[in-house]
Amino acid sequence: MKVLEGKLVAGKGRFAIVASRFNEFIVSKLISGAEDTFVRHGVDTDDITLVWVPGAFELPLAAMKLAQSGKYSAIVCLGAVIRGSTSHYELVCSEAAKGIAQVGLKTGVPVTFGVVTTENIEQAIERAGTKAGNKGADAALTALELANLMPQL
Ligand code: INI
């Protein structure tokens with residue numbers, strides 16, 4: 001049986017991180033986690049581009065432009081949507097998730113989902129480098145694996 005899978009190595013590609021400013025105190029921790037993961041797996045910091053957007057709702061549009069540019073092996077989307085602070089929590093979460101998935105499917109460029117969606121700030125902190133790991137680091141690891149896998153398929 002021939003098995004194809006991505007290795008967690010940098011390769012020659014460049015990576016983009018799209019991050020939302022809303023709840024920046026959480027998102028900045030996700031960015032640090034993603035950058036640290038890329039660098040520890042051999043990605044040169046010059047090969048990482050960070051793009052800011054206002055909120056999680058805007059992540060897909062920026063990710064789409066980056067994916068269409070053809071410059072990146074994978075794109076990581078980072079954000080924090082906290083129910084306590086919004087009446088349209090479900091809408092923001094679902095549009096961000098659907099939009100991010102669509103970018104990957106429409107362009108063939110891996111786009112990973114590092115958006116923390118929680119009931120309250122405490123749960124967001126847990127997912128941004130404390131008790132429950134760092135979702136930015138997880139999303140960067142997934143980006144590395146998919147970037148390595150895509151050329152094999
Ligand atoms: N955007 C977020 O990234 N997180 C949130 O928790 C949030 N809340 O609470 O509303 C949020 N809203 C802004 C939204 O993403 C858009 O930027 C805005 O609606 C303008 O399009």
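On a predicted model such as this, the values are computed, not experimentally measured, just so you know. When a ligand or atom number is given, it counts from 1 through the structure's own listing order. For this chain, numbers begin at 1 and follow the sequence in order.
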**Study point:** Location of contacts on A80 toward ligand 1, heavy atoms closer than 4.0 Å
**Key:** backbone
Study note, to complete from the structure: Short version for V81: what comes under 4.0 Å of ligand 1, heavy atoms counted, is both
Point to revise | E126: side chain to side chain donor-acceptor pair (under 3.5 Å) partners, not counting sequence neighbours | key: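 E126 satisfies side chain to side chain donor-acceptor pair (under 3.5 Å) with K131 once adjacent residues are dropped.
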For the [atom1] atom on [X], are there more than 12 heavy atoms of other groups (residues, nucleotides or ligands in this structure) within a distance under 6.0 Å?
X: Q152; atom1: CD; result: yes
X: I121; atom1: CD1; result: no
X: F57; atom1: CZ; result: no

Considering both backbone and side-chain atoms of [X], is one of its nitrogen or oxygen atoms within less than 3.5 Å of a nitrogen or oxygen in ligand 1?
X: A56; answer: yes
X: F57; answer: yes
X: F22; answer: no

Check your understanding: Is there a heavy atom of H88 sitting under 4.0 angstrom from any atom of ligand 1?
Key -> yes
Exercise for review: Take every heavy atom of G79, measure it against each atom of ligand 1, and state whether any distance is under 4.0 Å.
Suggested key: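 False for this residue.
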Exercise for review: Run the salt-bridge test on E24 and R21 with the 4.0 Å N-O cut-off and return the result as yes or no.
Suggested key: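 No, no charged N to carboxylate O under 4.0 Å.
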Check your understanding: With atoms numbered from 1 as shown, which atoms in ligand 1 lie under 4.0 angstrom from a non-hydrogen atom of N23?
Key ->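 Per the distance check, 4 (N), 5 (C), 6 (O).
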Revision key, fill the gap. Numbered in order shown, the ligand 1 atoms found under 4.0 Å of a heavy atom of I82 are 6 (O)
Review point. Between T130 (side chain) and I125 (backbone), is there a donor-acceptor pair under 3.5 Å?
Key: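 Looks like yes, one N/O pair under 3.5 Å.
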Check your understanding: Is a side-chain N or O of Q102 found less than 3.5 angstrom from the main chain of K98, in a donor-acceptor match?
Key -> no
